[in-house]
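As structure tokens, the structure follows; a few thoughts come after it.
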Amino acid sequence: MNDRSALSLDQLSWIDVAAHLARDPRLLIPVGALEQHGPHLPLGCNVLIARRLCVDLSEEFGVLRAPSFSFGVNVKTARAYAGTASLGRKTLHRGLNELLEAWEAHGIDEFVLVTAHRHDPHLEALATLVTAAARVRVIDVWDVPIHDLLDGQEHAEHAGEAETSVMLHLYPDLVRMDRARDFELDPDEFRRYMRGGMPKPPPGGTGSVGRPTLATARKGERLYRRILEAIRRAVFLRYDEESDTL
């Protein structure tokens, strides 16, 4: 077993899982979506980014991680693009609730869900998960302030400068920069887009919003390190501090 799979739940026996949970009863869960990200990025980039964060955090802090949950709630306009598939908000909520219930029964007392998908109903499904007693933390990757690292956007949009840069850093072989095209919406239109308020794709769009042509791998490395460090401090280092005070 290689180092990057040593803490992956689906590659351990139940005896190994039980022994690990006796030492550290936490579980990382990457949650993504399968949707278009323009002609230049893969459909699964949300879950690819979330999974890589979970792998890095798992290795550093010795926390078990679940297999990636690759489907989420997408905006209705995304369904026009080949390969995109969405769950309903209630379906995602119920499915994850049932998984958390099963794992909590095995002794997990804290779940850390990491998602890089920003659609409001998707985030609502995660934010309202219910357990008997375990703590549930939901990390929205793009909540981390990154505006100072961007050249053409104030925040992460959809398959734009930020997301494309991170993908160039993590998965350069999956990015087709020769296909990248800038496409911008005004703030009100972008909010409608993120909330699923557009009945069809915006005219002239190709499944992305923002300025992906400004993306670079070096910029992506800085963005990724900023996001990773923010999660480390907010969740894992704080957990260790709280444990030391008990």
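Given the structure is predicted, the values throughout are model-derived calculations rather than measurements.
- The side-chain heavy atoms of Glu110 and Val235, taken from C-beta on, include a pair separated by under 4.5 Å.
- Side chain of Thr164 to backbone of Ala215: no donor-acceptor contact under 3.5 angstrom is found.
- Within the structure, every pair that satisfies the side-chain hydrogen bond (donor to acceptor under 3.5 Å, both in side chains) test and touches residues 92-102, not counting sequence neighbours, is listed here: His93-Asn97, His93-Thr128, Arg94-Glu98.
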Could you walk me through whether Val47 and Phe69 satisfy the side chain to side chain contact (heavy atoms under 4.5 Å, CB included) test, starting with their C-alpha distance in whole Å, then the side-chain angles of each, then the deciding distance to 0.1 Å, before giving a yes or no? CA-CA 8 Å; Val47 77; Phe69 198 101; over 6 Å; no

Residues 142-149, side-chain donor-acceptor partners within the protein, below 3.5 Å, at least two apart:
unit_1: Trp142; atom_1: NE1; unit_2: Ala116; atom_2: O; d: 3.1
unit_1: Asp148; atom_1: OD1; unit_2: Arg226; atom_2: NH1; d: 3.1
unit_1: Asp148; atom_1: OD2; unit_2: Arg226; atom_2: NH2; d: 2.9

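- Here OH of Tyr171 is found 10.0 Å from SG of Cys45. Values are rounded to the nearest 0.5 Å.
- For the pair Ser165 (side chain) and Thr216 (backbone), a donor-acceptor distance under 3.5 Å is present.
- Taking CG of Leu126 as the reference point, atom CG of Leu129 lies at 6.0 Å (rounded to 0.5 Å).
- Of the possible polar contacts, none joining the Ser68 side chain to the Pro30 backbone as a donor-acceptor pair under 3.5 Å is found.
- There is no path of hydrophobic side-chain contacts, each under 4.5 Å, that joins Val130 to Val138.
- Shown here for Leu87 and Thr91, the closest heavy-atom pair between the two residues is CD2-CG2, 4.2 Å.
- The shortest side-chain heavy-atom distance between Leu113 and Arg137 does not fall under the 4.5 Å cut-off.
- With hydrogens and angles left out, the side-chain atoms of Asn74 and Tyr81 include no donor and acceptor closer than 3.5 Å.
- Inter-residue side-chain proximity for Leu21 and Ile108 is flagged as met; some heavy-atom pair is nearer than 4.5 Å.
- Side chains of Glu35 and His117: a donor-acceptor N/O pair is present below 3.5 angstrom, by distance only.
- In terms of hydrophobic clustering, with Ile, Leu, Val, Met, Phe, Trp and Tyr side chains grouped at heavy-atom distances under 4.5 Å, Leu223 and Leu170 are assigned to a common cluster.
- Under the side chain to side chain contact (heavy atoms under 4.5 Å, CB included) criterion, Val114 pairs with Leu28, Ala50, Leu53, Cys54, Val112, Ile139, Val141, sequence neighbours left out.
- Expressed to the nearest 0.5 Å, how far CG of Leu228 lies from CZ of Arg52 amounts to 9.5 Å.
- Looking at Phe71 and Leu92, their side chains never come closer than 4.5 Å, going by heavy atoms from C-beta outward.
- Here NZ of Lys76 is found 10.0 Å from OG of Ser86. Values are rounded to the nearest 0.5 Å.
- Annotation for Pro42 and Leu48: closest pair CG-CD1, 4.1 Å, computed over non-hydrogen atoms.
- Note on Leu214: it does not cluster hydrophobically with Val175, by side-chain heavy-atom contacts below 4.5 Å among ILVMFWY residues.
- For the pair Ala66 and Ile29, the tightest heavy-atom approach, listed with the atom from each and the gap, is CB-CG1, 4.0 Å.
- Between the side chain of Glu104 and the backbone N or O of Ala133 there is at least one donor-acceptor pair closer than 3.5 Å.
- Taking Glu184 as the reference, Arg211 meet the side chain to side chain contact (heavy atoms under 4.5 Å, CB included) condition, with sequence neighbours excluded.
- Hydrophobic clustering places Met167 together with Met177 (ILVMFWY residues linked when any side-chain heavy atoms are closer than 4.5 Å, directly or through intermediates).
- Thr115 pairs by the side chain to side chain donor-acceptor pair (under 3.5 Å) definition with His122, not counting sequence neighbours.
- The line from NE2 of His158 to CZ of Phe183 is 11.5 Å long, rounded to the nearest 0.5 Å.
- Between the side chain of Glu124 and the main chain of Arg89, no donor-acceptor pair closer than 3.5 Å is present.
- Side-chain contact check for Asn46 and Glu163: at least one donor-acceptor pair (N or O, by modelled atom type) lies under 3.5 Å.
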Assess whether side chain to side chain contact (heavy atoms under 4.5 Å, CB included) is satisfied between Thr213 and Arg181, documenting all intermediate values. CA-CA 6 Å; Thr213 60; Arg181 299 291 183 273; 5.9 Å; no

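- Looking at every heavy atom in both residues, Leu64 comes nearest to Val17 through CD1-CG1, 4.1 Å.
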When you look at Leu41 and Leu174, which way does the side chain to side chain contact (heavy atoms under 4.5 Å, CB included) test go after all the steps? CA-CA 7 Å; Leu41 292 179; Leu174 300 181; over 6 Å; no

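- When the side chain to side chain contact (heavy atoms under 4.5 Å, CB included) test is applied to Glu221, the partners found at least two apart in sequence or on another chain are His169, Arg225.
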Please step through side chain to side chain contact (heavy atoms under 4.5 Å, CB included) for the pair His106 and Trp14, ending with a clear verdict. CA-CA 10 Å; His106 299 146; Trp14 72 267; over 6 Å; no

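- To the nearest 0.5 Å, atom CZ of residue Arg26 and atom CZ of residue Phe111 are 13.0 Å apart.
- For the residue pair Ser208 / His37, no side-chain donor-acceptor distance below 3.5 Å is found, with atom types taken as modelled.
- Placement of Leu123 and Ile227 in two distinct hydrophobic clusters is found when ILVMFWY residues are connected by side-chain heavy-atom separations under 4.5 Å, directly or transitively.
- Considering all non-hydrogen atoms of both residues, Leu9 and Pro67 come closest at CB-CD, 4.2 Å.
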